[in-house]
Colleague: 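Following this message is one structure expressed as structure tokens.
In the text below, chain A, chain B and the rest are named by the order of the sequence lines, each starting its count at 1. Note that the structure is predicted; figures quoted are calculated from it, not measured.
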Amino acid sequence: MSSSQTRLLSPAWLARSAPEVAPDLLGCKLVRRWPDGRQIEGVIVETEAYAPGDPACHGYRRRTQRNAVMFGPPGHSYVYLIYGLYHCLNVVTDGDDRASAVLIRALALTDPPPWLTPPKNQPIHRWAAGPGKLCRLLEIDLSLNGDRLQPGQSLWLDPPDVETQQARQQGLLAITQTTRIGLTQGADIPWRWYLTDSPAVSKRQK
DNA sequence: TTCACGATTCTA
DNA sequence: AGAATCGTGAAG
């Protein structure tokens with residue numbers, strides 16, 4: 001699903017519906033960079049989709065101050081505070097006025113920098129396993145909400161490495177689809193995807 | 001203005 | 001199973 005018109009990760013590519021984009025983001029990289037040049041990147045191994053008509057979507061009822069960026073153009077971040085304790089990072093998808101986003105639930109860190117202070121008593125593949133832990137590790141909070149995901153800025157998406165791209169093209173990238181985690185509404189909608197073999201996935205299912 | 005609750009995580 | 005912890009949004 002990446003023609004010349006819709007280049008991988010371009011705004012046009014992200015302008016599709018969230019359930020289309022979510023599985024396609026698996027294998028892509030998320031990069032976090034600070035003004036001082038420090039940088040962390042990881043492979044996206046778990047995503048969930050939230051879209052119009054979906055009772056679990058923050059934009060389900062109406063446009064509010066919090067969910068405003070979901071109604072905006074694709075390619076921006078949607079960050080929100082959950083349980084007053086953690087933040088969650090989404091990639092806004094679909095066109096204007098169609099509140100849609102893909103929740104980034106877990107990363108497999110690639111080449112963690114030496115200055116990174118890891119969570120205690122956890123193997124590296126668990127450091128970013130879960131949306132809250134991911135944002136805590138990458139220091140993603142409301143100050144990044146609504147930012148354009150642009151290379152060289154504070155946060156952006158990069159294409160998968162060639163091996164992953166080839167595996168996907170050959171249909172060899174094992175992806176599991178399940179229902180979403182932690183919902184009371186829309187709990188039956190199977191809009192969660194993860195790389196079947198990744199140890200960095202937050203929770204196994206089925 | 002009030003107030004119940006949540007796209008979570010960690011501990012007992 | 002329960003706590004931590006607070007902004008959001010639906011109701012009044």
Colleague: For C:dA10, take OP1 and OP2 only and decide whether either is under 4.0 Å from a side-chain N or O of A:R62.
Modeller: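 A:R62 to C:dA10 OP1/OP2: side-chain N or O found under 4.0 Å.
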
Colleague: So which nucleotide from B:dA7, C:dG9, B:dC10 ends up closest to the side chain of A:K133?
Modeller: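 The nucleotide sitting nearest to the side chain is B:dC10.
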
Colleague: Is the closest basic N to carboxylate O distance between A:D24 and A:R16 below 4.0 Å?
Modeller: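 The answer is yes: the pair qualifies as a salt bridge.
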
Colleague: Taking NE2 from A:H58 and P from B:dC5, how many angstroms apart are they, rounded to a whole number?
Modeller: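 After rounding, the gap between these two atoms is 16 Å.
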
Colleague: Looking only at heavy atoms, what is the nearest atom pair of A:D141 and A:V79, with distance?
Modeller: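 In this case the closest contact between A:D141 and A:V79 is O-CG1, 3.6 Å.
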
Colleague: Round to a whole Å and report the spacing from CG of A:L137 to P of B:dC10.
Modeller: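 From A:L137 CG to B:dC10 P: 12 Å.
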
Colleague: Rounding to a whole Å, what distance do you find between A:I181:CD1 and B:dG6:P?
Modeller: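 In whole Å, B:dG6 P lies 16 Å from A:I181 CD1.
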
Colleague: Is there a side-chain contact between A:L144 and A:S154, using heavy atoms and a 4.5 Å cut-off?
Modeller: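 Side-chain contact under 4.5 Å: yes.
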
Colleague: When all nucleic acid strands are considered with a 4.0 Å heavy-atom cut-off, which category describes A:S202: base, sugar-phosphate, or nothing?
Modeller: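 Answer is nothing: A:S202 stays at 4.0 Å or more from every strand.
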
Colleague: How do A:R136 and A:Q185 order along DNA chain B: which one's closest nucleotide is nearer the 5' end?
Modeller: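 Going by which nucleotide is closer to the 5' end, it is A:Q185.
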
Colleague: Rounding to an integer number of Å, can you tell me how far A:E46 CD sits from B:dA7 C1'?
Modeller: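 Rounding to the nearest Å, CD of A:E46 and C1' of B:dA7 are 11 Å apart.
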
Colleague: Could you summarise the pairing of DNA chain B as dot-bracket text, marking Watson-Crick and G-U pairs under 3.5 Å with ( ) or [ ] inside the strand and | across strands?
Modeller: ||||||.||||.

Colleague: Kindly compute the distance separating CG (A:L134) from CD1 (A:I104), expressed to the nearest 0.5 Å.
Modeller: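 Those atoms lie 8.0 Å apart.
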
Colleague: C:dG9, OP1 or OP2 - any side-chain N/O from A:T64 closer than 4.0 Å?
Modeller: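 True: A:T64 side-chain N/O within range (under 4.0 Å) of C:dG9 OP1/OP2.
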
Colleague: State, without any angle test, whether A:E48 and A:W193 hold a side-chain donor-acceptor pair at a distance under 3.5 Å.
Modeller: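 Distance-only check fails for A:E48 and A:W193.
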
Colleague: Indicate whether OP1 or OP2 belonging to B:dA7 is found under 4.0 Å from a side-chain N or O atom of A:R192.
Modeller: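 For A:R192, the contact criterion (side-chain N or O under 4.0 Å from OP1 or OP2 of B:dA7) is not met.
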
Colleague: Establish, for the pair A:R7 and A:W13, whether the NZ or CZ atom is under 6.0 angstrom from the six-membered ring centre and no further than 45 degrees off its axis.
Modeller: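 Geometry flag: not set, cation outside 6.0 Å or 45°.
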
Colleague: Under 4.0 Å between a side-chain N or O of A:R66 and OP1 or OP2 of C:dG9?
Modeller: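 Yes, such a contact exists.
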
Colleague: In residues 78-99 of chain A, which residues come under 4.0 Å of DNA chain C by heavy atom?
Modeller: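 Within residues 78-99 of chain A, the residues near DNA chain C are A:L81, A:Y83, A:G84, A:L85.
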
Colleague: Within the structure shown, what part of the strands sits under 4.0 Å from A:R180 by heavy-atom distance: base, sugar-phosphate, or nothing?
Modeller: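 Here A:R180 touches no strand at all.
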
Colleague: For A:H87 and A:Y80, I'd like to know if the aromatic rings sit close, meaning centre-to-centre distance below 6.0 Å.
Modeller: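 That pair fails the under 6.0 Å test.
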
Colleague: Atom NZ of A:K120 and atom C1' of B:dT11: how far apart are they, to the nearest Å?
Modeller: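 Taking atom C1' of B:dT11 as the reference, NZ of A:K120 is at 10 Å.
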
Colleague: Any ion pair linking A:D54 and A:R180 (charged N to carboxylate O, less than 4.0 Å)?
Modeller: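 Yes, this pair counts.
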
Colleague: Find the distance A:Q65:CD to C:dA10:C1' and express it as a whole number of Å.
Modeller: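 Between C1' of C:dA10 and CD of A:Q65: 16 Å.
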
Colleague: Let me know the distance between CG of A:L183 and P of B:dT8, rounded to the nearest Å.
Modeller: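 My rounded result for the distance is 7 Å.
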
Colleague: If you group Ile, Leu, Val, Met, Phe, Trp and Tyr by side-chain heavy-atom gaps below 4.5 Å, do A:L9 and A:W156 land in one group?
Modeller: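 Shared cluster, no.
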
Colleague: To the nearest 0.5 Å, what is the distance between CG (A:L138) and CG (A:L116)?
Modeller: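 One finds 8.5 Å between CG of A:L138 and CG of A:L116.
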
Colleague: Let me know the distance between CD1 of A:I104 and C1' of B:dT8, rounded to the nearest Å.
Modeller: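 One finds 17 Å between C1' of B:dT8 and CD1 of A:I104, rounded.
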
